[in-house]
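First comes the structure, then the notes that go with it.
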Protein chains: 2
Amino acid sequence: MRRITISDVAEHAGVSKSTVSQYLNKRYDYMGKKTKERIEHAVKELGYSPNIIARSLKQKSTMTIGVIVANILHVFSTQVIRAIEDFCNEKDFHVIICNADDDPEKEKRYIEMLQSKQVDGIIAFPTGGNVELYKALIEVQFPVVFMDRIIPWIEIDTVILDNEKASFLAVEEFLRKGYREIGMLSPPLRENVTSRMERINGFKKALDNKQITFNQNYLMVGEINNIQVVMKEMLEQDNPPDALLALNDRVLHEVLAFTKKHRMRLPEDLAVIGIDEVSYANIYSPALTTIQQPAFDMGKKAAELLLNRITNKENCMDPKIYRFEPKLNSRESC
Amino acid sequence: MRRITISDVAEHAGVSKSTVSQYLNKRYDYMGKKTKERIEHAVKELGYSPNIIARSLKQKSTMTIGVIVANILHVFSTQVIRAIEDFCNEKDFHVIICNADDDPEKEKRYIEMLQSKQVDGIIAFPTGGNVELYKALIEVQFPVVFMDRIIPWIEIDTVILDNEKASFLAVEEFLRKGYREIGMLSPPLRENVTSRMERINGFKKALDNKQITFNQNYLMVGEINNIQVVMKEMLEQDNPPDALLALNDRVLHEVLAFTKKHRMRLPEDLAVIGIDEVSYANIYSPALTTIQQPAFDMGKKAAELLLNRITNKENCMDPKIYRFEPKLNSRESC
DNA sequence: CTGAAAGCGCTTACAG
DNA sequence: CTGAAAGCGCTTACAG
């Protein structure tokens with residue numbers, strides 16, 4: 001299987017490679033009509049398609065970006081990716097997806113791999129474990145956009161939910177429905193996973209804002225696979241909360257596993273709100289009240305920012321943080 | 001930002017480009033120890049990383065494969081992709097993901113794009129709408145593996161669920177639990193979406209096998225966004241089924257929306273089984289009985305087959321269909 | 001043991 | 001209006 005090259009086309013059409021190249025790049029300005037037709041014909045007849053690799057080498061641009069997510073199995077990542085792809089597709093950019101699994105080592109390997117592949121830019125859910133690398137990228141003005149996480153001292157365009165607002169919305173909804181003893185359940189606060197910290201801060205601030213004193217025992221943290229134990233503790237204390245905010249979709253899953261196991265009725269025995277929309281929110285009984293991230297808008301914005309940086313190199317705008325508004329889906333679990 | 005090239009390294013180390021290249025490719029056989037160290041040092045000092053694009057051009061291999069899924073938002077696709085990535089990552093292959101959205105035009109563009117990018121092979125959920133293209137790929141011995149769908153007359157390695165068996169397992173489970181009036185709900189049977197056809201055939205065969213006469217009115221088809229209407233019809237007939245098999249996860253979702261809306265109790269009012277595992281199966285009330293596809297195993301197999309074809313060109317083994325066994329997750333909805 | 005040279009398939013500045 | 005030539009950053013067969 002020998003691939004057809006530009007030389008074959010040139011020979012077949014009886015012109016030079018240069019001219020064929022001009023044709024392929026639609027620089028018809030000075031091209032004779034006859035020449036153009038002959039090339040057109042040759043291309044068709046030979047079924048020629050250009051070797052982008054060769055072009056990239058010469059042009060030093062691959063029209064490809066890399067996307068490093070924590071885990072493609074997470075719904076949020078999946079939606080962000082989909083939005084990025086759709087946007088890039090329109091602009092004739094291609095996308096390479098990588099799973100860093102929140103492992104700085106893997107992230108580093110992927111960033112290096114993507115650079116070796118000469119991608120024009122990267123969108124990443126940064127692990128936060130490669131500060132030196134991030135700095136090096138900024139240093140050489142390599143286009144990068146971060147998603148979902150803010151890395152302190154690193155100035156890079158970042159697209160992120162207004163996480164405090166998400167907690168605010170939840171607290172307000174609880175209060176509106178008459179719940180005042182509000183608890184919150186969170187996975188461990190790893191450094192750099194901005195969203196968790198912010199959601200917890202937002203929770204505290206919202207209570208404060210509503211003149212409710214924050215109760216230490218109403219905020220508990222645990223590994224996902226252990227969080228049902230933690231939840232049990234929370235609910236077995238003397239004056240347990242009557243409402244519970246699940247910090248993310250995975251926590252919500254465990255909360256529901258727990259309430260199912262213990263035959264608790266929602267919202268009578270416990271009102272529940274989850275941050276992150278889940279696919280089964282509407283069909284669950286009761287339908288689940290959630291706070292939704294505009295994942296598609298966020299993905300699109302990230303792609304837009306990145307492609308802007310790639311195409312307007314001159315325009316070295318200062319990096320900013322772009323906050324997106326969460327949305328309350330008020331249903332039956334609260 | 002001028003990138004460091006092999007020439008810079010050569011100069012810095014005081015050797016030729018050839019030698020540096022040998023070093024990078026770990027062909028140390030005849031290399032002097034001193035030379036090796038000097039290069040090692042230069043590479044580090046300059047922070048050199050090779051330009052894979054240039055290498056690919058020369059070697060005519062990009063160590064990259066393309067994956068064309070119908071929709072990355074579908075859980076099954078997501079899991080297959082993850083398995084493919086993990087496998088490829090181990091073998092130092094990279095993956096480019098594309099969403100064809102079951103649109104033959106898009107599929108065609110993506111296949112051409114991937115070939116322009118000189119990928120070494122493609123794994124696709126074929127739309128079935130580009131038979132000529134598929135044939136052309138086989139013709140030039142371009143490595144391809146299909147997932148989930150069998151395209152008639154096209155001989156290509158295909159990884160697919162034993163869909164008939166999936167229906168068999170469901171029917172058996174219904175019978176075991178004492179349900180004999182078994183209905184099935186399906187999305188429209190588009191040509192080429194093999195799995196739907198097979199699941200329906202399996203359903204009929206299973207009934208036949210159990211000496212139950214198949215009732216036309218117990219098998220209904222409808223667009224997803226209209227399937228609740230169809231379901232209503234099914235359940236309002238004179239002698240409605242007491243058990244229902246949902247052909248896939250999206251049908252199941254609608255079935256559950258319906259039973260929730262009409263306050264039906266599962267399994268008392270209607271026993272339900274869904275083909276495809278869903279994330280909420282265990283936390284739903286009742287927990288949902290499902291038939292699960294081994295998505296990760298299937299993705300891994302597809303990757304394995306493709307990389308084998310890529311690396312053992314000589315070994316032109318006949319394309320086969322690889323069937324995977326579905327698994328019954330017996331829970332409470334049946 | 002190491003290096004000069006050719007070549008992968010394009011693009012582009014320049015000459016005519 | 002078209003073409004010869006150089007070059008993108010590598011690899012590799014071959015010479016020494």
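Computed over heavy atoms, backbone and side chain alike; hydrogens, waters and symmetry mates excluded. The chains referred to below are lettered A, B, ... by the order of the sequence lines, with proteins before strands, and numbering in each begins at 1. The structure presented is a predicted model; accordingly, all values stated were derived computationally and were not measured.
One finds no salt bridge joining A:R3 and A:D8 here, because no Lys/Arg side-chain nitrogen approaches an Asp/Glu carboxylate oxygen to under 4.0 Å. A salt bridge does not link B:K320 with B:D157: every distance from a Lys NZ or Arg NE/NH1/NH2 to an Asp or Glu carboxylate oxygen is 4.0 Å or more. Looking at A:D86 and A:K91, no side-chain N of the basic residue comes within less than 4.0 Å of a carboxylate O on the acidic one, giving no salt bridge. Of the charged side-chain nitrogens involved, at least one lies within less than 4.0 Å of a carboxylate oxygen, so that A:R82 and B:D101 count as a salt-bridged pair.
Pairing each heavy atom of A:V145 with each of A:L305, the nearest pair is CG2-CB, 4.0 Å. What you find for B:G299 and B:I84 is that their closest heavy atoms are O-CG1, 3.5 Å.
Counting to the nearest Å, the C1' atom of C:dG3 and the CD atom of B:E11 are 15 Å from each other. When rounded to the nearest whole Å, the span between NZ of A:K34 and P of D:dT2 equals 11 Å.
Residues B:D148 and B:L161 have side chains not in contact (no heavy-atom distance under 4.5 Å, counting atoms from C-beta outward).
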Original post:
Along nucleotides 4-14 of chain C, 5' to 3', which nucleotides get a B, which get an S, and which get a -, given that the test is a protein heavy-atom distance under 4.0 Å?
Top reply: BB-BBBBBB--
**OP:** Starting at the 5' end of DNA chain C, write a dot or bracket for each base, bracketing those in Watson-Crick or G-U wobble pairs whose two distances are under 3.5 Å and using | for partners on another strand.
**Re:** |||.||||||||.|||
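Checked against the 6.0 Å centroid criterion, the rings of A:F146 and A:Y134 qualify as a close aromatic pair.
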